[in-house]
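Notes follow once the structure below has been shown.
Order of listing sets the numbers, starting from 1, for every ligand and every atom in it. Since the model is a prediction, treat every value here as computed from it, not as a measurement.
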Amino acid sequence: MAEAAPSRWRDATIRAITPATPRVKSFRFDALGAPHRAGQHVDVRLTAPDGYQAQRSYSIASAPGDPRGLELMIERLEGGEVSGFFDAIAEVGDTIEIRGPIGSFAWEAGDGGPVLLIGGGSGVVPLLAMVRERALRAPQVPMLLLYSVRTAAEAIARGELTARSRDETGFDLTLLLTREGPTTGRRIDRVMIDTAIECLGMPRHSFVCGSNAFVGTVADLLVDAGVRPATIRTERFGE
Ligand SMILES: Cc1cc2nc3c(=O)[nH]c(=O)nc-3n(C[C@H](O)[C@H](O)[C@H](O)COP(=O)(O)OP(=O)(O)OC[C@H]3O[C@@H](n4cnc5c(N)ncnc54)[C@H](O)[C@@H]3O)c2cc1C
């Protein structure tokens, strides 16, 4: 069977909606027509009855080939046009226009490691796909996820990530809570980067995802810490 072109819009039906955190919901769709690499995203397009269209990008949270289909995790933003639709209106059975997979922010088993993943807030979503991909196809690859989020309740897939770091040899999780507990007010800093590199080894690949400011700061810290710029890939979700 011919694979669907990633640039072509196609209808995808929402198969399941599950709350992931108080502000984030997980949406399961039918599998994409084309295989994706962990870390890539799709574009989603909504069309109002009067023809008005809104288009946004959402990272794929599921590992390639997940038999449960394609998972997106969408955070509700105040006044958010598209995230507000997904939060309050979208229902199981609805059909949404999707195209993809898109992007070079991607890691696959054959790329090897060590792999350093650094995410802020919902920026963890594409990194989650990489963690899942590693578990399925490359459990020998050392991987460390440094995840900065306001509170434990807001941490996406906290239970899964914690269990993986406990059960999967070679995968480590450092969760930084910036508005709760003893690390309140702390941001990812040079000490945290150095500690991560000490634990993981010098990364062969680094992936940084989050807000513009988060990504800029973290990428600079990585370069300061001696990580080769050519090995650092970044994805910016917006403000
Ligand atoms: C490659 C890529 C992948 C992405 N993956 C995800 C994902 O997996 N999950 C997810 O929830 N989002 C993701 N985003 C962000 C997403 O595309 C939208 O920008 C977000 O959902 C806001 O759209 P909206 O229509 O709800 O808000 P809008 O109506 O566009 O904006 C509403 C308000 O929110 C502000 N705003 C817009 N975007 C952001 C933002 N990213 N952060 C903070 N404030 C913002 C606006 O300034 C405005 O005040 C991704 C973005 C990119 C570029």
Side-chain angles (χ1 to χ4, degrees), residues 6-7 9 12 14 16-29 32 34 36-48 52-64 66 68-90 94 96-107 117-133 145 147-151 153-158 160-161 178-179 187 206-219 232-239:
S7 58
W9 290 103
I14 301 179
I17 304 177
T18 320
T21 76
R23 292 161 57 93
V24 178
K25 285 183 181 171
S26 152
F27 296 84
R28 287 265 175 198
F29 294 85
L32 279 173
H36 77 277
R37 289 183 295 144
Q40 288 188 296
H41 66 274
V42 292
D43 286 341
V44 166
R45 182 166 73 180
L46 305 179
T47 306
Y52 171 77
Q53 292 190 319
Q55 185 182 317
R56 301 286 184 274
S57 301
Y58 292 102
S59 299
I60 301 168
S62 41
D66 185 333
R68 292 166 301 170
L70 181 87
E71 182 181 29
L72 305 183
M73 298 181 115
I74 303 183
E75 178 180 22
R76 178 187 75 238
L77 293 180
E78 279 336 303
E81 200 176 6
V82 173
S83 65
F85 165 83
F86 277 100
D87 178 61
I89 298 170
D94 285 354
I96 310 279
E97 278 190 296
I98 281 188
R99 72 174 176 193
I102 300 165
S104 56
F105 187 84
W107 177 83
L117 310 175
I118 307 184
S122 56
V124 78
V125 174
L127 310 181
L128 181 59
M130 295 179 192
V131 170
R132 290 169 166 176
E133 168 73 348
L145 170 62
Y147 180 14
S148 171
V149 64
R150 283 180 287 215
T151 63
E154 287 181 72
I156 293 172
R158 180 165 56 104
E160 174 183 339
L161 289 169
T178 60
R179 297 209 190 153
R187 295 284 180 269
S206 299
F207 294 88
V208 185
C209 184
S211 66
N212 270 325
F214 177 88
V215 168
T217 304
V218 171
I232 304 171
R233 263 169 288 177
T234 59
E235 186 92 288
R236 296 162 190 264
F237 275 11
E239 298 162 28

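R233 meets the salt bridge (charged side-chain N to carboxylate O under 4.0 Å, His left out) test with no other residue; sequence neighbours excluded. By the side chain to side chain contact (heavy atoms under 4.5 Å, CB included) test, T18 is found to be paired with S26, residues two or more places apart in sequence or in another chain being considered. Every residue two or more places apart in sequence or in another chain that forms a side chain to side chain contact (heavy atoms under 4.5 Å, CB included) with I96 is listed here: I14, F29, V44, L46, F85, F86.
A distance limit of 4.0 angstrom between heavy atoms and ligand 1 selects the residues H41, R56, S57, Y58, S59, M73, I74, E75, L77, E78, G79, G80, E81, V82, S83, V125, E235, R236, F237, G238, E239.
Although no hydrogens or angles enter the test, the distance criterion places a donor-acceptor pair under 3.5 Å between the side chain of R236 and the main chain of N212.
Judged by distance alone, the side chains of Q53 and T47 do bring a donor and an acceptor atom under 3.5 Å apart.
The structure places CZ of R150 at 5.5 Å from CZ of R23, a figure rounded to the nearest 0.5 Å.
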